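Both backbone and side-chain heavy atoms feed into the values below; hydrogens, waters and symmetry mates do not. All residue numbers refer to positions in the sequence shown, counting from 1. Small disclaimer: the values here were computed from a predicted structure and weren't measured.
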Amino acid sequence: MSGQQYLNALSENATRLGMRLQETFSEHTRDLAITRGSGAGYLDAGGGAGGSGGGVSDEKTRANIRRQLDSGNDREKLDAMKRLVALISKGRNASEYFAQVVKNVASPNLEIRKLVYIYLLRYAEHEPDLALLSINTFQKDLADANPLIRAMALRVLSGIKVPMIGSIVVLAIKKCAGDPSPYVRKAAALAVPKCYELDATHLPALIQILTTLLLRDRSPLSLGSVAVAFQSICPTRLDLLHPHYRRLCRVLVDVDEWGQVEMMELLLRYVRTMLIRPGGGGTVGRGTGTGSGGQEKETEEEGQQVEGEDLDKDIKLLLDSVQPVFQSRNPAVVMAATKVFFYAAPPSYWPTFIGPVLRLLTASREVERVVLVDLLLITKSVPHLFAPYYTRFLVRTDDLTQVKKDKIRLLLRVLTPDNWAAILREFIDYADDTDDGVVSETIRALGRCAARIPESIKQCLTALITMIKSRHDVVVSSAVMELKYLVQSQLSGQAPGVFVGTQAQSPLSIIAHLARRIDDIRHAQARACVLWLVGQYASATEEKGSSAAPEGIADWAPDVLRKLAKSFGSEAALVKLQTMTLAAKLFVLSPGDRRINLLNEYVFSLARYDANYDVRDRGRMLSSLLAGVGLHVNGSPAEERGGVVLRKEQVRLVLFEGKSRTMDEETSFLDDEKVLIGSLARVTGRSMRMDGMLPDWLEKGVESSLRDSEDDAPPPPPVPTAISSAGPVRGQKGVSSPPIVLTPTGVSRPSSRNGGAKGPWMDLDSFYAEEEEKEEAEKDEEDEEDEEEEEEEEESEDGTESGDEHDSGEDKADDVIHNVS
C-alpha cells in the first residue's frame, strides 16, 4: 500500500468515527431531553399512530413514521423504530409499517437491527409473504463475524412462524450448533423447541443435531439451554444421555442458574429411570408419620444406615455435584436441588437441605409463600426433619392470609410431644386474628392437636369450650365443629382414651353443654352439628335423667327439639334437615311419649309444605320410615300407605348406624402423591399440563458401562524412556556408561511428577513425609553409586598393575632370544 492510499484510508476511518461520535452524542442528549421534559414522548407520539383516533394529527404521525423509516439517516430510523416498539408495548397494532420495516433488516446500525428483529418477531406471522423477503438477509447474517449478529439472526429466523421455512430453520440450527461461540450455540439450542413447534416432522433431524452436536458441547453457557431443548422435544428418550450423564453432573455447578434448574430436573428423571433405588428398593423413611418421635424415628435411622451402605456411584456423583448448588442465591435453584435430594437420595442425605430451605423463608414474601408449600409436601413424609425449627414457622402479623394458613398447617405437621405446649399457645393466640379463614384454620388445628397429643387434651378442650362463648359466629361455629369431631372420635371408639380428665370434660357433658347453649349458636353449620350430636347420643346417658325426661332419653334432648320446632320456619335448610333427623331419632328411642309424638307431627307437617324441595323430600322419607314405629302424620295410618314397613329395630339401625363414623381429616390438593416439589400445581391448587410426572424407580438399573465415556478414561501414563543400542561412551574416570536417548511418542501434555495424575496427598504432612522419603531414597542411591564407582576404580587399578608386570616379562624374553641368536 502506497503512502497516498494509506492516508486516504486513515482519512475515511476518521470521518466514519466522527460521524459515529456525532450520532452517539445526539442520542445521549436526546435521551437526556426525554428524561428531563417529555417523559413518555415515544408512547404519546405512538398513541396517535396506533389507530385509536382518526384525526389529522394521527395521519401526520403515521406519515412522519413512514418518512423516518425510509430516510437515509440512522438517527431518524432509530427514532421511528423506538416509536413502533412503544406501540407494541402498549398493545397497539403497528402492522401497517411492516413493508417499511423489512427494508431496514440489513441496516449496519446494530441498535436499529435489534429493534427491527423485535418488530419482525411480533408481526411476521401476520405478513408471511413479506417476512420471506428477509430470509436471505438472515441467512447472510448467520455468517457474520459478530457472534451477537449470528445469534440474533437465528433467533429471529426460528421465531418467524411460517411453516414453509422449516427446512431452512433446521439447516440454520445445524450450522449454529457447531459455531465456535458458545453464545451462538446457546441460541441454536433455544431454537430447537421453536422449530419443533413450527413443524413436528423435523423431529428426527432435530434429535440428531441434539445428540451429535449440542449434547457434546463442553461450554456451561450453552448446556442449560440444551437441557431445555431436550425436555421439550424428546423428554422420554433418556437413553440418549448415557454417554453424557457423568459429564453433565460434573459441569452442573458452572451452568447458569436457570440452566441448573432444567438440568437438575433432567438428571433427576434420568436417575429415577435408569438407576436402581438407593438401598435396594426399600422405601424406608417415607411413611406418613405424625412426628411423635419414638419408635418410628429409630426405625427410620436404621433405614438410613442401610440405604447409605448401598448407594450407586452414579447417584452419589449426582448428589455430590448438586450439593454445592445449595449455596446459590436463586431460590429456584435451591428448591430444584432440594427436589433432587428428596426424590433421589436416601434419607441419610435429607438433612443437607434443611438449612438452605429455611434460609429462603426470609428472602421475600413471594418466595416464602412458595417454600412453605414445598415444606408442607416434605413434612407430610418426614415431619421430624423440621420439628426442631418450628420457631421459623410462627405466624407474623403482616403475613399474607394464605401464608398464615400454610404456617398453621406446617406447625401442626411438626407437632411433637416436646414442642406441643409452645405451639398450642400460638394456636390460641392466632384464634384472635382478624381474618375469618385464619381463625377457622387455627381452631381446626386445636382439635387435631388434641387428637394427636394426649397430653394436650385438657388445654385444648378448655380453649374450645371457652371459644363457644365468643361473640363472633365464625369462632363459635369452628369450635363447635371441632368439639363434634373430638366427641365423635371418642364415643365411636376410633380414638379411645382421648378424654381423660374430669367429669366436666367427658364427651356427654360437652354435648349437654352445647345443647343448653343452642340459642347462642347462630351459625347454621354449627347448629346442625349440635343437633346431630344431640340426636346421635341422646340415649347414652351417664346419670339418671330427671322425672320429666322420657325413658331412655337424656333430659336435655327433648328441650332442644322443642326450641327448634318453635323456630323451624326461620331456620336455614341445613338446620331444618337436622331438626327432622333429631325428631325421628327421639321418636324411635321413645315412641310411647306423647310430647315427642306431637313434636314429630308438628315438625313433619311444617316440612311437608316447606319451600325447599330437599326439606320436603327428607320429611316425606322420614315420615314413611317412622310409619312402622307408630307415627301418623295427617291421620294416615301405616296400613293405608302401602309399601314396605320397617320394624323399630330396623328403623333404629338406619337412623343411628348410617353415619356413625367420624369424617376423616380434610384432604387438600397437596395430599395427592402426584403433586411434586417444584411443580406449579402445588401453588395453584389444580393440575397443570406443564407439570411432569416423576418416574418410578427400576427394580434393576441399566448397565453402568453404558455411561462410560472418554472423560472417564484413566490419565495417560508418563512418557517412557529407552536406552540406545549405541556403543558405550567413555565417562569420567574411565567408566563406560550408555547414553540415554528420549524416545518421542507423539504430542503429549506436560505431566507432573506423578505422570499428570493428581497426587494422593490429603494434607501437607503427608506431602512433606513423601518428599523426605524420596530424598532419603535418592541419598541411598547416590551412596550405592559411589561405592560402585570406588569398586570399579580399584578393579581398574589392579588391571593396570597386572598389565605392567606382563610388559616387563615380555622384555626379559626378548633379551634372552637376542642373546641366543
Side-chain angles (χ1 to χ4, degrees), residues 246 248-255 257 260-261 263-272 275-279 282-287 289 291 293 296-363 367-368 370-393 410 413-414 676-679 682 694 697:
R246 293 170 182 168
L248 293 178
C249 289
R250 297 188 185 99
V251 81
L252 174 64
V253 70
D254 297 324
V255 180
E257 294 178 341
Q260 288 176 343
V261 175
M263 187 172 292
M264 283 188 283
E265 176 72 21
L266 180 61
L267 294 176
L268 174 61
R269 291 178 56 248
Y270 178 86
V271 166
R272 298 268 302 193
L275 301 179
I276 190 172
R277 183 198 301 271
T283 57
V284 182
R286 297 213 178 190
E296 295 181 0
K297 189 173 181 180
E298 294 178 0
T299 305
E300 186 169 352
E301 291 177 355
E302 294 177 359
Q304 293 174 3
Q305 295 176 0
V306 173
E307 290 187 0
E309 295 175 356
D310 188 11
L311 185 63
D312 190 275
K313 62 177 183 179
D314 290 320
I315 298 180
K316 190 175 186 305
L317 173 63
L318 175 62
L319 298 178
D320 294 341
S321 303
V322 171
Q323 188 167 1
V325 179
F326 280 114
Q327 302 177 10
S328 175
R329 297 181 60 184
N330 192 325
V333 176
V334 176
M335 293 313 303
T338 302
K339 182 178 180 180
V340 172
F341 267 70
F342 188 68
Y343 291 117
S348 58
Y349 282 77
W350 291 350
T352 307
F353 58 75
I354 294 178
V357 172
L358 292 178
R359 171 172 57 88
L360 298 181
L361 293 176
T362 58
V367 174
E368 182 185 23
V370 176
V371 173
L372 286 174
V373 180
D374 288 330
L375 286 175
L376 286 173
L377 294 174
I378 296 175
T379 54
K380 175 185 174 183
S381 302
V382 281
H384 68 275
L385 280 181
F386 293 91
Y389 310 97
Y390 73 94
T391 55
R392 306 290 294 272
F393 313 135
L410 195 54
R413 291 275 178 88
V414 300
L676 306 176
I677 297 175
S679 62
R682 77 196 193 281
L694 191 65
W697 289 95

* Asked: Would you call Thr338 and Pro356 a side-chain contact if the rule is heavy atoms closer than 4.5 Å?
  -> no
* Asked: Where does the angle between the aromatic ring planes of Trp350 and Phe342 fall among parallel (under 30°), tilted (30 to 60°) and perpendicular (over 60°)?
  -> tilted
* To do: Could you tell me which residues satisfy salt bridge (charged side-chain N to carboxylate O under 4.0 Å, His left out) with Glu368, sequence neighbours excluded, listed by chain and number?
  => Arg396, Lys407
* Whether Arg392 side chain and Leu361 backbone form a donor-acceptor pair below 3.5 Å -> no
* Spacing of CG belonging to Asp320 relative to CZ belonging to Arg250, to within rounding of 0.5 Å -> 11.5 Å
* Asked: Counting only N and O atoms by type, is there a donor-acceptor contact under 3.5 Å from the side chain of Arg413 to the main-chain atoms of Leu376?
  -> yes
* Asked: What is the distance from atom CG of Leu694 to atom NZ of Lys339, rounded to the nearest 0.5 Å?
  -> 6.5 Å
* To do: List for me each residue that meets side-chain hydrogen bond (donor to acceptor under 3.5 Å, both in side chains) alongside Asn330, sequence neighbours excluded, and say none if there are none.
  => Glu257
* Donor-acceptor contact present, side-chain Thr352 to main-chain Tyr349, <3.5 Å -> yes
* Asked: Step by step, would you call Val271 with Tyr343 a side-chain contact (heavy atoms from CB on, under 4.5 Å)?
  -> CA-CA 10 Å; Val271 166; Tyr343 291 117; over 6 Å; no
* Do Met264 and Leu318 have side chains that get closer than 4.5 Å, going by heavy atoms? -> no
* Asked: Quick one: does Val371's side chain get under 4.5 Å of Pro331's, heavy atoms only?
  -> no
* Asked: Considering all heavy atoms of both residues, which atom of Leu275 and which atom of Trp697 are nearest to each other, and what is their separation?
  -> O-CE3, 3.5 Å
* **Residue from Val340, Ile378, Leu375 passing side-chain contact (heavy atoms from CB on, under 4.5 Å) with Ile677** => Ile378
* Could you list the residues that satisfy side-chain hydrogen bond (donor to acceptor under 3.5 Å, both in side chains) with Asp374, not counting sequence neighbours? => Arg682
* To do: Would you check if Pro278 and Ile315 make a side-chain contact, meaning some heavy-atom pair closer than 4.5 Å?
  => yes
* Closest non-hydrogen atom pair between Gln260 and Val253, with its separation -> NE2-O, 3.3 Å
* Asked: Is any side-chain heavy atom of Val370 closer than 4.5 Å to a side-chain heavy atom of Met335?
  -> no
* With the side chain counted from C-beta on, respond yes when Phe341 and Leu319 share a heavy-atom pair under 4.5 Å apart, and no when they do not. => yes
* What is the minimum heavy-atom distance between Asp312 and Asp314, and which atoms define it? -> OD1-N, 2.8 Å
* Can you see which heavy atom on Leu252 is nearest to which on Ser321, and at what distance? => CD2-O, 4.1 Å
* Please test Phe353 against Leu385 for side-chain contact (heavy atoms from CB on, under 4.5 Å), starting from the C-alpha separation and ending with a verdict. => CA-CA 10 Å; Phe353 58 75; Leu385 280 181; 4.3 Å; yes
